[in-house]
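It should be emphasised that the depicted structure is a prediction, and the values quoted were computed from it without experimental measurement. Chain A is the first sequence line, chain B the second, and so forth, proteins listed ahead of strands; every chain is numbered from 1.
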There are 2 protein chains.
Amino acid sequence: MSQSPWQPISPPKPPRPAKEPLTRDRIVDAAMRLIVEHGYDAVSMRKIAQELGTGPASLYAHVASKSELNQLLVDRAAAQMKLGGRPDPGRWQEQLKDYMREMLRVMRANPGVARAAIGQVPLGEQALLGNEKLLGILKAGNLPDQAAAWAADLIPLYVTAVAFEETVQNASAWTPEDVARFVGEMRAYFEGLPAERFPLTVALASALTAGTGHDERFEFALSVITAGLAAMAED
Amino acid sequence: MSQSPWQPISPPKPPRPAKEPLTRDRIVDAAMRLIVEHGYDAVSMRKIAQELGTGPASLYAHVASKSELNQLLVDRAAAQMKLGGRPDPGRWQEQLKDYMREMLRVMRANPGVARAAIGQVPLGEQALLGNEKLLGILKAGNLPDQAAAWAADLIPLYVTAVAFEETVQNASAWTPEDVARFVGEMRAYFEGLPAERFPLTVALASALTAGTGHDERFEFALSVITAGLAAMAED
DNA sequence: ACCTGAACACCGTTCAAGT
DNA sequence: ACCTGAACACCGTTCAAGT
């Protein structure tokens, strides 16, 4: 019954077992699929497990907690950032804006990741590579070390907050028409406020409700931040 | 048996019923107590109900949903903002910074509210009064209408994101020593990264981990935003 | 009109037991 | 070593039934 000793080759096995073993990567894959397709709230340990044909308890052999899973998701998304060319002192301001635009693009392409990212120190490899690139641009702009470091904190925080805000709004499955109607109602609401107490809100009602859903508001913020940082460059 | 017509005073009732009736205000009071004492995650419809000696279903007669409750909490906190004097073109930049500092102070005094506020259009009366004040300061700085309006979007979003980030960190019940240790470990981690791939992260390790827990990082952001806006003032 | 108990359809995490 | 079923201690919301 014992195996013959001169049989060095392991007996033929099915090349792939019917059920692939659980791995960290397969878990993150499944979570990424869920978060992109159905948003942050649709990602639960139970749903991920179901997607993988197992129970929630099985995941904990590979992932310590949901919070660790969030970190892994953030790093997966960070890997999608196209970081462009070398930092160039001659056009660092435009490079900085492009970096922020690219970061927002990736977060939009991965809805729910912003929610997972907010309030987390990014320590994953891909996130750190992005940060390194950002620091390069800021130093190309001649910012002092401390200013560059704090700017590298401010910038991702702001972009993440914008992306998160958008996903909260998109979560309600509104059509563009619904959004347009809501913006119209908001404008009418501002215009109808008592002008003695809310003079500027009434007067600026149309400016306050402009640029929603477009990128104008974001572009404005890019200009503010870039100009503010430029004022801090060493000469 | 019928009441005599010359009895104009209603029959003596117990001055207060043993159980006060549920009201929107009492619900928000209880939620505010919970959120300030135990953080956002401790606020559930069930816990609020328990606090009020009833069941969760009873709340829905006065509050449509948890999201509506969040809006009410945000407005409660907004009422605590001290809005200071009149907008003054001579010192609008300092007033703007004070506004942001005051907003952060209130959010810190009401942990969890930042989490409730993020991604919500503030339409409550108190929140709108704050916004009106902010617009006044921005217009005192001679910003064009559209710039003032978008700045009034950018500023609360940033301050809320900072406050939210802090509450996420504070949620883990870390002592100041724990935080100090974590910051030290992070710095060591940055310093130990491969210098070929992460030259700036390694070189700036101490700047990157400076100012945590203090207000220096926030003050830096105030300067950037204020300087950036000043560059957009009409002359 | 307001309140309630009970239920529905979910969560993240733990743990003893299996292979 | 890895996986599993079952349980623990929770969620937000709905609804028929009571007062």
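- Nucleotides dA9(D) and dA9(C) are separated by 23 Å at their P atoms, to the nearest Å.
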Give the intermediate values and the outcome of salt bridge (Lys or Arg N to Asp or Glu O under 4.0 Å) for residues K82(A) and E102(A).
-> CA-CA 7 Å; K82(A) 290 175 199 145; E102(A) 174 66 5; 5.5 Å; no
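- The aromatic rings of F164(B) and F164(A) sit parallel, their planes meeting at an angle under 30°, below the 60° perpendicular limit.
- Using bins of under 30°, 30° to 60° and over 60° for the plane-to-plane angle, the ring pair F218(A)/Y158(A) lands in the parallel bin.
- Between the CZ atom of R26(B) and the C1' atom of dC2(C) there is a distance of 14 Å, rounded to whole Å.
- Taking a 4.0 Å limit (strictly below) on heavy-atom distances, residues 57-70 of chain A reaches DNA chain D at A57(A), S58(A), H62(A).
- Every residue two or more places apart in sequence or in another chain that forms a side-chain hydrogen bond (donor to acceptor under 3.5 Å, both in side chains) with E51(B) is listed here: R33(B).
- Distance CD1 (I27(A)) to P (dG12(C)): 14 Å, rounded to an integer number of Å.
- A donor-acceptor pair under 3.5 Å links the side-chain atoms of R24(A) to the main chain of H62(A), judged by distance alone.
- Residues R26(B) and D29(B) are not paired through a salt bridge, judged by the lack of any N-O separation under 4.0 Å between the basic side chain and the carboxylate.
- For the pair M45(A) CE and dA6(D) P, the interatomic distance rounds to 20 Å; values are reported in whole Å.
- In this structure, CZ of R46(B) is placed 6 Å from C1' of dC11(D), rounded to the nearest angstrom.
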Dump the pairs, protein N or O against N or O of nucleotides 16-19 of chain D, anything under 3.5 Å, distances to one decimal.
none

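- Rounded to a whole Å, the CD1 atom of I48(A) is 10 Å from the P atom of dC11(C).
- Between R24(B) atom CZ and dC2(C) atom C1' there is a gap of 16 Å when expressed in whole angstrom units.
- Rounding to whole angstrom units, CG of residue D41(B) and P of dG12(C) are separated by 12 Å.
- At dC3(D), none of the side-chain N or O atoms of T54(A) fall inside 4.0 Å of OP1 or OP2 (strictly under the cut-off).
- Put simply, K47(A) has a side-chain N or O that comes within less than 4.0 Å of OP1 or OP2 on dC11(C).
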